[in-house]
Amino acid sequence: MRRRLRLRGDASLTLLLGAALGLLLYAQRDGAAPTTSPPRTQGRAAPGPALGLRVFQAPDAGAAPPAYEGDTPEPPTPTGPFDFGRYLRAKDQRRFPLLINQPYKCRGDGGPDLLVAVKSVAADFERRQAVRQTWGAEGLVQGKLVRRVFLLGVPRGGGTDGADAEGEGARTHWRALLRAESRAYTDILLWAFDDTFFNLTLKEIHFLAWASTYCPDVRFVFKGDADVFVHMGNLLEFLAPRDPTQDLLAGDVIVQARPIRVRASKYYIPEAVYGLPAYPAYAGGGGFVLSGATLHRLAGACTEVELFPIDDVFLGMCLQRLRLTPEPHPAFRTFGIPRPSAAPHLRTFDPCFYRELVVVHGLSAADIWLMWRLLYGPQGPACARPRPVAAGPFQWGP
């Protein structure tokens, strides 16, 4: 009996210690977790007016000011506040070697009708595969030639400046994997800068320079994140009446977004770096489309604008230099899909949500696969049949 009581007491003590340890670890995790994006009720306004423009309204007295909320996926989000000392020391370094190139991507047939450029990181092979085999497939789509590239930097810890054996092994490992992937799919562009959240601006300017050099005759370019779903048919219908020789940059346009001045935020921007009260108008980096003419003009303008650590805001600064206003369109949903009051019975992942949209941001690789199957599979729901992109606000049909 005493042995049974002792065993029971030991088991209870073990459970108690385990629970206490779990609570301690959970509390430490919450306490040490960095501040990410601000609450959505502060970070962005409600859906905008008829043309889909997102406006950050002036706050009420005593209310927290609206602030920039990024829409870049988690990798490679930083683990803490931005190191502005390091940034200011290295901000003028804006030319890095191209380690893996695709010089023949746009050769022949007068250039592609649409070049799809997707921001990615080395470890995110699963998302790249989802894009390749769903909405980002190369070839003829509705009679238009589509080509695809993925934009990568060097994985953190696998850079070119390490001298130890572990660093050398990491460099050999990631480079061998990416070269093998490049040989298999011929769609990898890799530059020699660290692939970090705040180096996405470097990815922006290097891609613009690359596309201007190697795809000079491209008609249109779609640029976005790897966690978006693109209705390619709707995108091509939207572009069909457009002239690629005229300026165009369309997407989910945000105006009057204010810099975050809270030091703990990963989007913190001190006044010494940006002193104005609001950012210029910009298209959400989750996905936007531009014409070939704008591509070449932007490539030049961005060489004249001082680098800024938030890539989509930086592109807005380049557009401002060109005196070019981005075009808002309600079918670009870089903040995801809110549940509409007009159709409360629909879930936000229902394929009926995607019928008239072009871009939806914030999907996992499995989500992309599933949505593609639901929209284009043999048993696809009737409401998911492709329809022309509406020129006005998103409408819910029967």
[X] side chain to [Y] main-chain N or O, any donor-acceptor pair under 3.5 Å?
X	Y	result
Arg333	Val359	no
Trp191	Leu202	no
Ser212	Leu208	yes
Asp187	Arg148	no
Arg258	Tyr279	no
Glu138	Val146	no
Ser182	Leu178	no
Asp252	Gly284	no

Can you name the closest pair of heavy atoms from [X] and [Y] and give their distance?
X	Y	value
Ala117	Leu151	CB-CD1, 4.2 Å
Phe96	Ala192	CD2-O, 3.9 Å
Phe332	Gly287	CD2-O, 3.6 Å
Ala278	Gln256	CB-OE1, 3.7 Å
Ile205	Cys302	CG2-CB, 4.1 Å
Pro259	Ile269	CB-CB, 4.4 Å

With heavy-atom distances below 4.5 Å as the criterion, would you say the side chains of [X] and [Y] are in contact?
X	Y	result
Leu315	Asp312	no
Leu177	Phe125	no
Leu363	Leu370	no
Ile310	Tyr282	no
Trp372	Phe229	yes
Val131	Phe150	yes
Trp135	Phe222	yes
Val358	His231	no

For Lys203, what residues pass the salt bridge (charged side-chain N to carboxylate O under 4.0 Å, His left out) criterion, not counting sequence neighbours?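 Only Asp195 meet the salt bridge (charged side-chain N to carboxylate O under 4.0 Å, His left out) criterion with Lys203.
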Using the salt bridge (charged side-chain N to carboxylate O under 4.0 Å, His left out) criterion, which residues pair with Glu271? Sequence neighbours excluded.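 Residues passing salt bridge (charged side-chain N to carboxylate O under 4.0 Å, His left out) with Glu271: none at all.
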Give the C-alpha distance, both sets of side-chain angles, the deciding distance and a yes or no for side chain to side chain contact (heavy atoms under 4.5 Å, CB included) between Val289 and Leu239. CA-CA 9 Å; Val289 65; Leu239 294 175; 3.9 Å; yes
What disulfide (SG to SG under 2.5 Å) pairs are there with at least one residue in [range], not counting sequence neighbours?
range	result
residues 249-287	none
residues 193-280	Cys106-Cys215
residues 234-292	none
residues 231-288	none

How many angstroms lie between [atom1] in [X] and [atom2] in [Y], if you round to the nearest 0.5 Å?
X	Y	atom1	atom2	result
Lys223	Leu115	NZ	CG	11.0 Å
Glu306	Thr201	CD	OG1	11.5 Å
Leu189	Leu152	CG	CG	8.5 Å
Leu290	Leu298	CG	CG	6.5 Å
Ile368	Arg127	CD1	CZ	6.0 Å
Leu235	His329	CG	NE2	10.0 Å

Listed pairs under 3.5 Å, donor-acceptor, residues 243-250 side chains, sequence neighbours left out:
| unit_1 | atom_1 | unit_2 | atom_2 | d |
| --- | --- | --- | --- | --- |
| Asp243 | OD1 | Thr245 | N | 3.0 |
| Asp243 | OD1 | Thr245 | OG1 | 2.8 |
| Asp243 | OD2 | Thr245 | OG1 | 3.0 |
| Asp247 | OD1 | Thr294 | OG1 | 2.8 |
| Asp247 | OD2 | Arg297 | NH1 | 2.4 |

Pair Leu295, Val218 - check side chain to side chain contact (heavy atoms under 4.5 Å, CB included), show working. CA-CA 9 Å; Leu295 168 74; Val218 65; 3.8 Å; yes
Using the test side chain to side chain donor-acceptor pair (under 3.5 Å), find all partners of [X] that sit at least two apart in sequence or belong to another chain.
X	result
Arg107	none
Trp210	Asn101
Arg128	Ser120, Glu181
Gln129	Arg132, Tyr185

Do Met232 and Trp369 share a hydrophobic cluster (ILVMFWY, side-chain heavy atoms under 4.5 Å, transitive)?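 No, it is not one cluster - the side chains of Met232 and Trp369 are not joined through contacts under 4.5 Å.
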Verify same cluster id: Leu98, Tyr104 (apolar side-chain graph, 4.5 Å):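 No.
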Is the Phe308 ring parallel, tilted or perpendicular to the Tyr274 ring (thresholds 30°, 60°)?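 Answer is perpendicular, since the angle exceeds 60°.
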Under the 4.5 Å side-chain heavy-atom rule for ILVMFWY, direct or indirect, which residues accompany Leu145?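 Via sub-4.5 Å side-chain contacts, Leu145 links to Leu140.
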Take a 6.0 Å sphere around CD of Glu126 and say whether it holds more than 12 heavy atoms from other residues, nucleotides or ligands.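 At most 12 heavy atoms, drawn from other residues, nucleotides or ligands, come within 6.0 Å of this atom.
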Checking His361 against Asp225 for the side chain to side chain contact (heavy atoms under 4.5 Å, CB included) test, could you report, in this order, the C-alpha distance in whole Å, the side-chain angles of both residues, the deciding distance, and whether it holds? CA-CA 8 Å; His361 188 232; Asp225 292 335; 3.1 Å; yes
Below 4.0 angstrom, N of the basic side chain to O of the carboxylate: do Lys144 and Glu237 qualify?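 Salt bridge flag = no for Glu237 with Lys144.
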Before accepting this row, confirm whether a basic side-chain N of the pair Lys119/Asp311 lies closer than 4.0 Å to the acidic partner's carboxylate O.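 Yes, Lys119 and Asp311 are salt-bridged.
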Examine His206 together with Phe193 and report whether their ring centres are nearer than 6.0 Å.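 Yes; Phe193 has its ring centre under 6.0 Å from that of His206.
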